[in-house]
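Just so we're on the same page: letters track the sequence lines, and every chain starts at 1.
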Amino acid sequence: MIQANNIHKTYNDGKVQVHALRGIDVEIKEGEFTAIVGPSGSGKTTLLNIIGGLDAPTLGEVHIGDTNIAQLSENELIDFRLNHIGFVFQSYNLIPVLTAKENVEFLMLLQKRDEAERNERTTKLLKAVGLEDQINKKPNEMSGGQQQRVAVARALASKPDFVLADEPTANLDSKSTANLLDIMLRLNDEENITFVFSTHDQRVIDRAKRVITVEDGKILSDETK
Amino acid sequence: MIFKIAFKNIWRNKLRSWTVIMAISLGIFGGLAVISTATGLSDMRQNNAIRTYVSHIQVHDSTYLKYSGLNDVITQEKAILSFVKKHPNTEGVSTRLRIESFIQTAGGTSGVILNGINPEDEKQVTNIAEKLQQGNFLETYKRKPPILISKKLATKLNAKIKTTIQCSFTDANGLPATGVFKVVDIFSTSNSMYDEVNAFVRLEDLQAISSIYGSHEIAITIKDEEQVESFREELIAHFPEQHIASWRGIAPELGYADKMMDLVMSIFLVIIMLALAFGIVNTMLMAVLERKKELGMLISVGMNKRKVFWMIVWESIFLSLIAGPLGIIASYLAIQFFGTYGIDLSFAADGLRSVGLESVIFPTLNTNYYILISILVVSTSILSCIYPALKALKLNPAETLRTA
Ligand SMILES: Nc1ncnc2c1ncn2[C@@H]1O[C@H](COP(=O)(O)OP(=O)(O)O)[C@@H](O)[C@H]1O
Ligand SMILES: [Mg+2]
């Protein structure tokens with residue numbers, strides 16, 4: 001479970017202060033399939049970064065499970081992200097010199113999992129995202145949609161508590177977008193994987209099970225279908 | 001895995017990596033080329049000195065060195081000669097009778113040391129015989145006893161081959177003695193100071209004129225130069241009353257040249273390493289800045305900073321591990337080749353000869369230098385990638401991922 005209380009984030013951009021988030025309270029439970037939506041500049045990325053421990057709030061607290069992530073040291077926080085959170089970004093997700101298989105394996109190597117487990121899980125995940133025949137391809141040999149599917153597989157490889165995805169479909173055509181959503185939904189339904197993703201694409205919003213709308217750094221609405 | 005990624009990362013920008021690799025290996029090559037050529041020159045200078053006038057070891061009577069008394073001949077001459085001749089490491093041995101003398105021709109006068117030598121023996125020790133105009137090393141002469149003078153002295157005395165020279169000195173009994181010689185050939189070595197004060201005559205001629213039937217100096221060359229000092233110690237142990245010196249003691253200035261060389265080499269090594277450091281800092285900094293997003297992503301998904309740091313360090317170690325051996329092997333091959341066949345600088349031969357050098361240089365390099373260079377290259381590249389690696393650690397993942 002993720003709990004974010006009274007999150008404020010103010011950027012000091014030179015002389016101007018930007019209030020990116022102004023008091024956000026949100027709770028995300030296991031098994032959710034939640035979209036954070038809102039126009040560009042509304043604070044979606046900032047919120048996801050703070051929930052994911054990539055950025056610290058100016059005010060407020062984030063608890064993941066029993067952990068107040070503000071209390072972790074820099075190194076502990078990196079380890080915490082490795083073991084508890086899966087990330088999918090809009091782009092630059094993969095290590096360009098490694099194959100799909102090696103990219104998926106990477107986090108498990110950081111976690112020092114043994115080889116048998118790594119192989120089994122990599123094969124399973126690449127199959128789950130429909131890329132079992134692309135395992136030896138490098139990112140630049142794959143389409144944008146395929147790369148994002150590898151990123152989803154990579155995010156799941158470390159067995160995280162939940163997956164945060166910041167505009168994962170922003171660079172994809174509609175067919176690849178639908179395909180990626182299918183895969184994420186199936187993983188959510190069948191394996192109870194928690195997804196929190198931001199988007200401003202209506203077709204993606206339509207398929208979310210919970211939609212949190214932010215505007216000007218505040219929650220405008222929060223609907224569970 | 002970190003290794004693997006680091007190694008693969010090098011080849012992402014092939015042109016840049018190869019440029020750095022080539023720059024590093026060229027730097028090593030250039031440095032080693034200069035060092036080995038300089039060593040070759042210094043060795044040549046040293047060898048020239050040893051072969052023309054110093055030899056490896058000289059034996060004198062202890063009192064002779066202090067007072068240059070004509071009567072202070074080497075008392076154990078026979079014993080020393082037989083010992084040296086029996087020694088397996090002996091290359092040549094020559095006995096010399098040295099008398100300071102006043103010499104004059106119709107055209108001029110000068111002071112000179114007459115060296116009474118046995119030409120056959122002297123040939124084994126020095127190469128004066130090879131520095132003659134006509135190749136007559138006191139071997140061919142008619143009635144008058146022969147003398148060899150240097151080109152320098154010949155000019156001073158206005159003498160030529162066949163000129164008659166008169167030498168006057170005080171003999172063993174304190175009586176004036178005079179010898180009349182005929183110039184049979186003219187020599188010139190690379191040391192003009194030596195040339196000016198030395199002339200050669202036959203040992204038996206000088207003994208007859210001076211009534212000194214002995215010698216003042218025994219010059220020895222040995223086969224294995226590394227064993228000069230141990231040979232000397234052996235001699236001292238057997239003949240403790242004699243004064244026995246090696247070339248290092250006789251001509252210490254040759255050793256000073258070595259010290260200078262060490263300094264020059266250290267300076268060159270520092271320059272090479274600075275160039276190397278600059279290349280690595282530059283390349284790795286570019287590599288880090290270019291990959292900001294990727295590094296930010298790696299930190300975001302859970303790669304800790306220690307691993308990121310080592311990934312960058314390994315990248316530069318790999319670069320230098322490729323460049324180092326390349327440069328060292330190229331240098332080794334070049335030094336072996338030119339060390340055998342020489343670098344022919346005959347177009348500058350006159351200039352070189354005037355400073356005591358020959359026109360063909362044989363570069364040489366001590367194995368220790370290769371080892372030293374290898375260690376320096378690797379440690380310099382590790383040190384110089386620390387700054388770029390620390391830059392990578394300062395990256396804020398949220399920031400790097402945001403900037404499109
Ligand atoms: N590093 C930063 N410095 C200054 N302002 C920033 C920075 N990051 C984001 N912002 C501002 O914060 C607001 C929210 O940005 P963001 O979270 O990226 O919104 P979204 O992801 O919904 O487009 C925007 O006005 C943006 O310009
Ligand atoms: Mg955004």
Side-chain angles (χ1 to χ4, degrees), chain A residues 9 11 20 45-57 73-99 102-112 118 138-140 151 154-155 157-158 160 163-164 166-167 170-171, chain B residues 1-18 283-284 286-312 314-319 322 389-404:
Chain A
K9 180 72 183 180
Y11 291 109
T45 298
T46 307
L47 180 58
L48 281 175
N49 282 348
I50 287 172
I51 290 175
L54 296 177
D55 212 348
S73 73
E74 198 185 359
N75 281 325
E76 285 169 345
L77 187 57
I78 294 178
D79 269 353
F80 187 85
R81 291 201 297 262
L82 172 64
N83 293 311
H84 295 272
I85 312 174
F87 288 94
V88 178
F89 304 106
Q90 190 177 322
S91 53
Y92 294 99
N93 268 300
L94 304 177
I95 302 171
V97 293
L98 300 185
T99 62
E102 291 165 335
N103 265 291
V104 174
E105 224 186 331
F106 181 65
L107 294 185
M108 290 189 278
L109 273 161
L110 294 181
Q111 289 177 318
K112 303 197 166 68
R118 292 198 314 258
K138 298 236 175 100
N140 63 4
R154 193 269 314 274
S158 58
V163 175
L164 296 180
D166 189 12
E167 310 223 21
N171 293 339
Chain B
M1 191 67 162
I2 301 291
F3 281 115
K4 190 169 164 185
I5 298 175
F7 188 73
K8 290 186 170 180
N9 276 339
I10 298 176
W11 306 113
R12 289 167 72 164
N13 193 330
K14 289 204 178 65
L15 181 67
R16 186 173 66 208
S17 292
W18 275 115
T283 311
M284 294 317 296
M286 265 159 71
V288 166
L289 296 179
E290 220 173 59
R291 295 211 309 262
K292 261 186 179 176
K293 274 181 181 297
E294 188 183 321
L295 293 169
M297 179 273 289
L298 289 171
I299 298 169
S300 298
V301 300
M303 183 166 172
N304 66 38
K305 300 215 161 177
R306 195 165 43 90
K307 292 206 169 81
V308 174
F309 180 83
W310 279 105
M311 184 174 80
I312 307 283
W314 274 111
E315 283 180 31
S316 48
I317 294 178
F318 282 134
L319 279 179
I322 298 169
L390 288 176
K391 265 260 179 298
L393 297 193
K394 290 223 183 76
L395 293 175
N396 174 341
E399 288 295 317
T400 52
L401 286 166
R402 186 182 289 273
T403 49

Which bit of [X] is near chain B, if near means a heavy-atom gap under 4.5 Å: side chain, backbone, both or neither?
X	value
N93(A)	backbone
F106(A)	both
L94(A)	backbone
L107(A)	side chain
E74(A)	side chain
T46(A)	both

Rounded to the nearest 0.5 Å, what's the gap from [atom1] on [X] to [atom2] on [Y]? Could you check?
X	Y	atom1	atom2	answer
L77(A)	I299(B)	CG	CD1	11.5 Å
N49(A)	L401(B)	CG	CG	7.5 Å
R154(A)	M297(B)	CZ	CE	5.5 Å
E399(B)	Y11(A)	CD	OH	7.0 Å

Can you check side-chain contact (heavy atoms from CB on, under 4.5 Å) on E294(B) and I95(A), steps first, answer last?
-> CA-CA 7 Å; E294(B) 188 183 321; I95(A) 302 171; 4.1 Å; yes

Tell me, out of N304(B), L298(B), I5(B), N396(B), who's got the most heavy-atom pairs with chain A below 4.5 Å.
->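 Of the options given, most contacts go to I5(B).
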
Top residue by heavy-atom pair count (under 4.5 Å) with chain A, among R291(B), M303(B), K307(B), R306(B)?
-> M303(B)

Work out which heavy atom in F89(A) is nearest to a heavy atom in S300(B); give both atom names and the distance.
->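 So the two residues come closest at CZ-CB, 3.7 Å.
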
Do you know which of N75(A), I78(A), L98(A) has the most heavy-atom pairs under 4.5 Å to chain B?
->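 Max contact count across the listed options: I78(A).
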
Which of the residues V97(A), T45(A), L110(A) is involved in the greatest number of heavy-atom pairs with chain B at under 4.5 angstrom?
->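 Top count of heavy-atom pairs under 4.5 Å with chain B: V97(A).
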
For K305(B), does the NZ atom have more than 12 heavy-atom neighbours from other residues, nucleotides or ligands under 6.0 Å away?
-> yes

Answer yes or no: are there more than 12 heavy-atom neighbours, outside K8(B) itself, under 6.0 Å from its atom NZ?
-> yes

Please confirm whether the backbone N or O of G302(B) pairs with a side-chain atom of R81(A), one donor and one acceptor, at under 3.5 Å?
-> no

